[in-house]
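To start, the structure under review is shown below, and the notes come after it.
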Amino acid sequence: NAGVTQTPKFRVLKTGQSMTLLCAQDMNHEYMYWYRQDPGMGLRLIHYSVGEGTTAKGEVPDGYNVSRLKKQNFLLGLESAAPSQTSVYFCASSYGAVSGNTIYFGEGSWLTVV
Amino acid sequence: AQSVTQLGSHVSVSEGALVLLRCNYSSSVPPYLFWYVQYPNQGLQLLLKYTSAATLVKGINGFEAEFKKSETSFHLTKPSAHMSDAAEYFCAVNLDTGRRALTFGSGTRLQVQP
């Protein structure tokens with residue numbers, strides 16, 4: 001019963017370092033998303049993908065890149081981490097056929113940039 | 001454009017009391033509306049969703065919400081609060097048929113007093 005799995009769960013980075021967050025889903029979902037959660041701001045969409053090989057920008061894409069080489073995986077990269085990217089990152093996925101479909105979330109990745 | 005407003009970042013109720021968490025949306029087209037719950041250090045779990053069928057939607061853990069188009073509201077209620085209901089609750093809307101992504105409110109933290 002894995003659902004959406006994120007790795008790593010916790011990470012501390014120094015300013016300027018790079019890293020990749022990995023998201024894997026086993027539900028054969030077409031759509032995948034990366035959100036960030038900050039206190040008092042809810043969740044904001046960083047990037048999303050509507051299928052293998054596709055990516056698109058969300059509300060707050062600056063400083064992040066993504067790739068969807070395989071349908072089940074969605075990677076979020078930080079090329080040069082900044083303290084403003086300290087946040088909790090959530091990956092999510094959905095079947096996507098209609099807008100009312102449920103979006104399923106992973107358990108989050110806590111990232112601190114010092 | 002779509003947006004979601006949650007009134008009250010913190011709500012405190014006594015155990016056994018009514019829970020009312022408020023959500024208003026702005027939309028020029030009929031929305032799909034969702035309530036998610038987040039327990040400490042966990043991901044988001046779907047409580048319930050409105051997808052243009054019945055206006056009164058029943059969810060898990062005894063929660064329900066009523067879609068009121070005239071008031072552009074989708075408030076979440078539970079007749080009797082339990083200690084285990086303490087969590088953060090997010091209202092979200094999905095309108096964009098292209099990306100199928102959710103736009104979240106800023107969240108309401110529910111505290112249940114014994």
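Since this is a predicted model, take the numbers as computed values, not measurements. Below, chains carry the letters A, B, ... as their sequence lines are ordered, and counting in each starts from 1.
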- Query: Between A:Arg44 and A:Glu59, is the closest basic N to carboxylate O distance under 4.0 Å?
  - Reply: no
- Query: Quick one: of A:Ala92, A:Gly108, A:Gly40, who has the most non-hydrogen atom pairs under 4.5 Å with chain B?
  - Reply: A:Gly40
- Atom group of B:Thr51 that falls short of 4.5 Å from chain A, counting heavy atoms: side chain
- Task: Could you look at B:Leu44 and say if it's the side chain, the backbone, both or neither that has a heavy atom under 4.5 Å from chain A?
- Result: both
- Could you tell me which portion of B:Gln38 (side chain, backbone, both or neither) has an atom closer than 4.5 angstrom to a non-hydrogen atom of chain A? side chain
- Message: Please tell me whether B:Phe34 and B:Phe104 form a close aromatic pair, meaning their ring centres lie under 6.0 Å apart.
- Response: no
- Item | Modelled atom types, side-chain donor and acceptor of A:Thr102 and B:Lys49, under 3.5 Å | yes
- Residue A:Gln6 versus chain B: region with a heavy atom under 4.5 Å: neither
- Message: Quick check on B:Tyr36 against chain A: is it the side chain, the backbone, both or neither that has a heavy atom closer than 4.5 Å?
- Response: side chain
- Item | Pair A:Tyr33 + A:His47: ring centers closer than 6.0 Å | no
- Message: Before we go on, tell me: are the rings of B:Tyr89 and B:Phe63 under 6.0 Å apart, centre to centre?
- Response: yes
